[in-house]
Amino acid sequence: MEDVIMAEKVTGYSATQIALHWAVVVLVTFQFLAHNAIEVSWTSYVNDELPPRGNAVLAYMHVTAGLLILGLALCRLYLRITRGAPAPPQNEPRFFKLISEGVHGMIYLLLLALPASGAVAWFMGVRPAAEIHGLLEKLLLFLIAAHIAGALFQHLVRRSDVMMRMFEPEHSSKPAWKKSA
């Protein structure tokens with residue numbers, strides 16, 4: 001109950017929450033760019049072969065970035081629970097709120113599940129974990145696309161400033177003319 005009350009008082013994300021968001025964006029982007037290297041290295045690993053020289057470095061960078069994503073996602077969740085997050089715009093239809101909450105919740109879940117499944121696959125050699133990791137990766141790509149589309153829809157169609165919350169710390173969702181009230 002206290003978290004709900006706290007979340008209602010928060011008018012924007014903190015600078016730390018915004019920095020964590022963008023750090024995760026950069027790391028997830030890297031993960032997709034280094035994807036082929038980890039796949040080639042994984043195939044070499046399970047076949048008891050040495051991976052190609054350049055792939056091994058990228059593969060270990062992929063593993064390290066995955067563990068960083070896990071740590072940063074846990075920090076983000078901690079801040080979301082303890083500090084709260086701004087409420088959606090008051091005129092937001094319930095359907096949009098449900099979609100937003102669902103997409104955000106699934107992204108958080110995947111930011112935890114992907115590094116966990118990848119670590120189990122990589123460090124323990126568990127093939128089903130690698131297969132699950134691949135499926136979760138595709139789901140995360142879909143949800144990221146939905147997240148970006150939702151932010152652009154809010155900004156360009158609904159003309160809300162929801163998207164700007166991730167660029168300006170403590171940015172209120174109230175129109176400028178209502179901020180002084």
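Heads up: numbering here begins at 1 and tracks the sequence.
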Exercise. Closest approach of Gln17 and Gly84, non-hydrogen atoms and distance?
Worked result: NE2-O, 3.2 Å
Seminar exercise, completed: Taken to the nearest 0.5 Å, the spacing of Phe32 CZ from Leu140 CG works out to 4.5 Å
Problem set entry | Donor-acceptor side-chain pairing of Glu137 and Gln31 below 3.5 angstrom | no
For this session: Would you name the heavy atoms of Leu136 and Ala113 that are closest together and state the gap between them?
Result: CD1-CB, 3.8 Å
Exercise. Where is the tightest heavy-atom contact between Gly12 and Arg83, given as atom of each residue plus distance?
Worked result: O-NH1, 3.0 Å
Problem set entry | Min side-chain heavy-atom separation Ile144-Val28 under 4.5 Å | yes
Exercise. Aromatic rings Phe167 and Trp22: how do their planes relate, parallel, tilted or perpendicular, breaks at 30° and 60°?
Worked result: tilted
Exercise. How far does CG of Leu112 sit from CD1 of Ile107, to the nearest 0.5 angstrom?
Worked result: 12.0 Å
Problem set entry | Short side-chain to backbone donor-acceptor contact, Glu92 and Pro89, under 3.5 Å | no
Exercise. Applying side chain to side chain donor-acceptor pair (under 3.5 Å), which residue pairs with at least one partner in residues 117-126 are found, sequence neighbours left out?
Worked result: Ser117-His133
Exercise. For the residue pair Arg165 and Ile18, what are the closest heavy atoms and their distance?
Worked result: O-CD1, 3.3 Å
Exercise. With a cut-off of 6.0 Å (strictly less than), are more than 12 heavy atoms of other residues, nucleotides or ligands near OH of Tyr60?
Worked result: no
Exercise. Under 3.5 Å, side chain of Ser100 to main-chain N/O of Phe96, donor-acceptor pair present?
Worked result: no
Exercise. If you count the non-hydrogen atoms of other residues, nucleotides and ligands that lie under 6.0 Å from CG in Leu50, is the total more than 12?
Worked result: no
Problem set entry | 4.5 Å side-chain heavy-atom contact, Pro86 and Thr11 | no
Exercise. Do Val63 and Phe123 have side chains that get closer than 4.5 Å, going by heavy atoms?
Worked result: yes
For this session: Check whether any side-chain heavy atom of Pro88 sits under 4.5 Å from a side-chain heavy atom of Gln154, and report yes or no.
Result: no
For this session: Carefully, step by step, assess Tyr108 and Arg80 under the rule side-chain contact (heavy atoms from CB on, under 4.5 Å).
Result: CA-CA 11 Å; Tyr108 275 112; Arg80 190 171 184 97; 3.7 Å; yes
Exercise. Can you find a heavy atom in the side chain of Arg76 that is under 4.5 Å from one in the side chain of Leu111?
Worked result: yes
Problem set entry | Smallest separation among heavy atoms of Pro115 and Ile69, with atom names | CG-CG2, 4.3 Å
Seminar exercise, completed: Tightest non-hydrogen contact, residues Ala129 and Ala121, listed as CB-N, 3.8 Å
Problem set entry | Pair Leu27-Leu72, side-chain contact (heavy atoms from CB on, under 4.5 Å): steps then yes or no | CA-CA 10 Å; Leu27 288 169; Leu72 294 177; 3.6 Å; yes
Problem set entry | More than 12 heavy atoms of other groups within 6.0 Å of Phe142 CZ | no
For this session: State whether the number of non-hydrogen atoms from other residues, nucleotides or ligands found under 6.0 Å of Tyr78 atom OH is greater than 12.
Result: no
Exercise. Does some side-chain heavy atom of Tyr45 sit less than 4.5 Å from a side-chain heavy atom of Ile38?
Worked result: no
Exercise. How long is the span from the CE atom in Met163 to the CD1 atom in Ile148, to the nearest 0.5 Å?
Worked result: 10.5 Å
